[in-house]
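Accompanying notes for the structure given below.
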Amino acid sequence: MFIGILIVIIVFLFFYFLGSKSASSNNETNSISHSENDDKYSEYFKIMDLRPKFRDYYGRDMDYPKYNDKYNTGTEFKLRQLLLLVWFSRTKKGRLVTTSIPQYFYYDYNINGNKLLQHFIARGWIIEDDERYILSDEGKKLLNSMQLCGNYTEIINFHSV
């Protein structure tokens, strides 16, 4: 029994000292000069400063929204939300009920198209007729009163920042 305990203690001490020497020698041999990395990082940042800036191309910062909500529409909706109403007015026969609303309304204008569509239906601006969504007379009257129905490029140019 005594010999077994003695062997365990010797093995423990052997691995303890062997492990501490190898760890300290690895730290000494694997040390990296920070001056070499600093040169590489500074070169990287110099190259990154040479790339085109988002502001130079788009006239705004990357996190600045693509729209402004300053225009008073005379309704509870913002102008970017009424663009969905314009989208529904673009077809003569209306849009199919199964047609999905383009994702750019969500990504570019931060609009939940399906939810906003339900608001337009509740106000009677869009009606469902023969499996199609069409603008009601109230919806057409609203767009005509805002002078938005004729020239779509004008509304989009006014709406952009």
> Hydrophobic cluster mates of Ile134, side-chain heavy atoms under 4.5 angstrom, ILVMFWY only, any path?
Replying inline: Ile127
> Does the side chain to side chain contact (heavy atoms under 4.5 Å, CB included) test come out yes or no for Ile101 and Trp87, once each step is laid out?
Replying inline: CA-CA 9 Å; Ile101 296 173; Trp87 182 75; 4.1 Å; yes
>> Is there a path of hydrophobic side-chain contacts, each under 4.5 Å between heavy atoms, that joins Leu135 and Val97?
In response: yes
> Taking only residues at least two apart or on different chains, which pairs with a member in residues 128-137 satisfy side chain to side chain donor-acceptor pair (under 3.5 Å)?
Replying inline: none
> Rounded to the nearest 0.5 Å, how far does CG of Leu83 lie from CZ of Phe77?
Replying inline: 13.0 Å
>> So, using side chain to side chain contact (heavy atoms under 4.5 Å, CB included) as the criterion, who are the partners of Val8 when residues are at least two apart?
In response: none
>> Show the nearest heavy-atom pair for residues Asp39 and Ser42, with the distance to one decimal.
In response: O-OG, 2.9 Å
>> Checking Leu50 now: which residues fulfil side chain to side chain contact (heavy atoms under 4.5 Å, CB included) with it, not counting sequence neighbours?
In response: none
> In chain order, what residues pass the side chain to side chain contact (heavy atoms under 4.5 Å, CB included) check against Ile9, with sequence neighbours excluded?
Replying inline: Ile5, Leu13
>> For a quick test of reading the model, state the closest non-hydrogen atom pair linking Gly139 to Leu85 and the distance between them.
In response: O-CD2, 4.5 Å
>> Rounded at 0.5 Å granularity, tell me how far CD in Gln81 sits from CG in Asn112.
In response: 10.5 Å
Hey, can you pull the donor-acceptor pairs under 3.5 Å for the side chains in residues 113-125, sequence neighbours left out?
| unit_1 | atom_1 | unit_2 | atom_2 | d |
| --- | --- | --- | --- | --- |
| Arg123 | NE | Glu76 | OE2 | 3.2 |
| Arg123 | NH1 | His119 | O | 3.1 |
| Arg123 | NH2 | Glu76 | OE1 | 2.9 |
| Arg123 | NH2 | Glu76 | OE2 | 3.1 |

> side chain to side chain contact (heavy atoms under 4.5 Å, CB included) between Arg80 and Phe105: does it pass, once the steps are laid out?
Replying inline: CA-CA 9 Å; Arg80 61 188 165 96; Phe105 282 106; over 6 Å; no
>> Holding to side-chain hydrogen bond (donor to acceptor under 3.5 Å, both in side chains), I want the full list of residues that pass it with Thr75, two or more places apart in sequence or in another chain.
In response: Thr73
>> Under the side chain to side chain donor-acceptor pair (under 3.5 Å) definition, can you give me all pairs with a residue in residues 96-105, not counting sequence neighbours?
In response: none
